[in-house]
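Here the structure comes first, spelled out in structure tokens, and everything after it is commentary.
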Amino acid sequence: MLPAYNAAATLSRTVIELDPDVIDEIVLVDDASTDQTVTMARKLGLEPIRHELNLGYGGNQKTCYDRVLELGVDIIVMVHPDYQYSPLLVPAMASMIAYGEYDLVLGSRILAQNSVARGMPRYKYVANRFLTFVENIFLRQKLSEYHTGLRAFSSALLAGLPFERNSDDFVFDNQIIAQAVSAGARIGEVSCPTRYETESSSINLRRSIRYGFGVLRTCGQYRLHKHGVRRYPYLDFEPDAVRAGLESAAIAAKSAAEARRSASTDG
């Protein structure tokens with residue numbers, strides 16, 4: 001799944017590294033790009049969905065998720081097509097869900113590597129660590145990063161979350177993690193080498209600050225909602241129902257994995 005905006009310069013490198021032996025469908029949604037993203041996507045054999053108006057990063061993801069759920073896939077992996085995150089990790093992340101171990105897997109730029117040495121601007125690193133520290137406290141998690149553009153979801157989790165109620169802006173990413181935590185999803189991480197190149201997308205300082213405040217707001221809303229002080233629509237769903245679906249999906253995944261191992265042994 002590729003939420004694209006002005007990604008013409010990096011799209012081919014991203015798609016080439018997506019393993020066709022593992023991936024059944026590549027869904028690209030173009031958020032009213034002003035470059036040749038749609039033309040490049042078609043040259044690569046994709047059938048892009050195009051927004052006539054820019055709906056924002058979160059709005060782009062909503063269209064992506066709606067489409068992949070319509071296709072009936074079991075595992076959804078989001079990769080930013082700006083080539084900042086490695087598409088080569090898609091099989092590994094998908095397998096962590098396929099074998100029933102996790103419901104959501106995040107590709108972390110922080111885990112087991114020096115992100116600043118790899119090109120992450122120091123101010124972004126400091127902001128990332130501060131926001132992640134706060135989020136871990138409020139959401140009671142132990143994640144190394146919440147702000148990654150490389151994520152894998154089980155369809156059972158994604159279908160159970162009311163992601164359409166989330167923001168159309170960048171804070172969508174944090175809201176959907178808060179929803180997953182509320183649902184009791186098992187969240188795993190893999191170390192993801194990243195690239196900071198001229199063509200890679202980045203939000204400006206003003207939007208970065210707005211995003212940071214949005215993250216902090218999400219943390220506060222999660223705690224207030226959890227303790228029944230206030231209700232927020234994007235967190236107002238039945239976690240038990242989602243959790244039951246996740247448990248059934250995990251059992252089915254582990255049974256399928258065992259069947260594959262047995263077939264391999266017998267062969």
Side-chain angles (χ1 to χ4, degrees), residues 1-4 14 18-19 22-29 49 57-81 85-109 111 135 139 141 143-167 170-190 192 218 222 234-235 237-239 241-254 256-257:
M1 184 190 95
L2 306 172
T14 302
L18 293 172
D19 189 345
V22 175
I23 298 168
D24 295 321
E25 299 279 351
I26 298 178
V27 172
L28 182 144
V29 176
I49 299 170
Y57 173 62
N60 192 325
Q61 285 193 65
K62 291 175 186 179
T63 302
C64 287
Y65 293 143
D66 284 338
R67 178 55 181 155
V68 293
L69 290 174
E70 285 176 2
L71 292 172
V73 300
D74 295 322
I75 300 168
I76 300 98
V77 183
M78 179 184 77
V79 184
H80 283 190
Y85 301 88
S86 175
L88 298 174
L89 289 174
V90 169
M93 296 174 70
S95 69
M96 294 168 72
I97 294 175
Y99 283 92
E101 293 297 327
Y102 293 100
D103 308 302
L104 167 60
V105 178
L106 305 175
S108 171
R109 296 170 293 178
L111 195 64
E135 287 171 287
L139 273 62
Q141 299 295 301
L143 299 176
S144 67
E145 183 182 13
Y146 289 76
H147 316 288
T148 173
L150 179 61
R151 302 169 176 221
F153 297 83
S154 71
S155 59
L157 174 61
L158 201 56
L161 300 180
F163 59 82
E164 70 282 350
R165 302 176 194 170
N166 292 355
S167 168
F170 286 94
V171 78
F172 176 98
D173 274 352
N174 301 92
Q175 291 177 336
I176 201 168
I177 291 179
Q179 289 172 328
V181 171
S182 293
R186 298 162 303 160
I187 304 176
E189 294 183 281
V190 296
C192 174
T218 299
Y222 174 84
Y234 75 95
L235 293 170
F237 61 96
E238 295 296 332
V242 180
R243 194 172 299 115
L246 295 179
E247 291 173 356
S248 297
I251 292 172
K254 289 181 178 180

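Keep in mind the model is a prediction, meaning the values are calculated, not measured. Residue numbers start at 1 and run along the sequence shown.
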(message) Testing the basics here: between A180 and L104, what is the closest heavy-atom pair and its distance to 0.1 Å?
(response) CB-CD2, 4.0 Å
(message) Taking the side chain as everything from C-beta on, heavy atoms only, tell me whether Q141 gets closer than 4.5 Å to Y146.
(response) yes
(request) Compare all side-chain heavy atoms of E164 with those of Y65 and state whether any distance is below 4.5 angstrom. (result) no
(request) Rounded to the nearest 0.5 Å, what's the gap from CZ on R109 to OG on S86? Could you check? (result) 14.0 Å
(message) Working note: K254 + E101, criterion side chain to side chain contact (heavy atoms under 4.5 Å, CB included); need CA distance, chi angles, decisive distance, verdict.
(response) CA-CA 8 Å; K254 289 181 178 180; E101 293 297 327; 4.0 Å; yes
(request) Could you tell me the separation between the CE atom of M78 and the OG1 atom of T148, rounded to the nearest 0.5 Å? (result) 7.0 Å
(message) Determine whether a donor-acceptor pair (N or O, by modelled atom type, separation under 3.5 Å) exists between the side chain of R186 and the backbone of G100.
(response) yes
(message) Please check: side-chain N/O of E145 versus main-chain N/O of S108, any donor-acceptor pairing under 3.5 Å?
(response) no
(message) Whether the side chain of Y102 engages the backbone of M96 through a donor-acceptor N/O pair (distance < 3.5 Å, no angle test) should be reported.
(response) no
(message) I need the I176 CD1 to S182 OG distance, nearest 0.5 Å.
(response) 12.0 Å
(message) As an exercise, state the distance from CG of L2 to CG of N60, rounded to the nearest 0.5 Å.
(response) 10.0 Å
(request) Compare all side-chain heavy atoms of L150 with those of M93 and state whether any distance is below 4.5 angstrom. (result) yes
(request) Evaluate the side-chain proximity of L71 to D24: yes if any heavy-atom separation is below 4.5 Å, no if none is. (result) no
(message) Nearest 0.5 angstrom please: D66 CG to F163 CZ, how far?
(response) 4.5 Å
(request) State whether the side chain of S248 and the backbone N or O of G245 hold a donor-acceptor pair below 3.5 Å, judged by distance alone. (result) no
(message) Please find the pair of heavy atoms, one from V29 and one from C64, that lie closest to each other, and give the distance.
(response) CG2-SG, 3.4 Å
(request) Indicate the atoms forming the closest heavy-atom contact of A98 with A253, along with that distance. (result) O-CB, 3.3 Å
(request) Report yes if the side chains of N166 and Q61 come closer than 4.5 Å at any heavy-atom pair, otherwise no. (result) no
(message) What's the separation between atom CG in L69 and atom CG in L158, rounded to the nearest 0.5 Å?
(response) 4.5 Å
(message) Closer than 3.5 angstrom, by distance alone: can the side chain of R165 be matched with the main-chain N or O of L235 as a donor-acceptor pair?
(response) no
(request) Might you point out which heavy atoms bring A178 and T218 nearest each other, and give the distance in Å? (result) CB-CG2, 4.1 Å
(request) Taking the side chain as every heavy atom from C-beta outward, state whether I97 and V105 have any atom pair closer than 4.5 Å. (result) yes
(request) Work out which heavy atom in V90 is nearest to a heavy atom in I23; give both atom names and the distance. (result) CG1-CD1, 4.1 Å
(request) Check step by step if side chain to side chain contact (heavy atoms under 4.5 Å, CB included) holds for R67 and I49. (result) CA-CA 9 Å; R67 178 55 181 155; I49 299 170; 3.8 Å; yes
(request) Answer yes or no: is there a side-chain heavy-atom contact under 4.5 Å between H147 and E135? (result) yes
(request) Give a yes or no answer on whether the side chain of D173 reaches the backbone of G149 with a donor-acceptor pair at less than 3.5 Å. (result) no
(message) Show the nearest heavy-atom pair for residues Q179 and Y234, with the distance to one decimal.
(response) NE2-O, 2.7 Å
(message) Donor-acceptor pair, distance only, cut-off 3.5 Å: does the side chain of E189 make one with the backbone of S144?
(response) yes
(request) Kindly indicate whether the side chain of I177, heavy atoms from C-beta on, has any atom under 4.5 Å from the side chain of R151. (result) yes
(request) Tell me, yes or no, whether the heavy-atom count around E70 atom CD, taken from other residues, nucleotides or ligands under 6.0 Å, exceeds 12. (result) yes
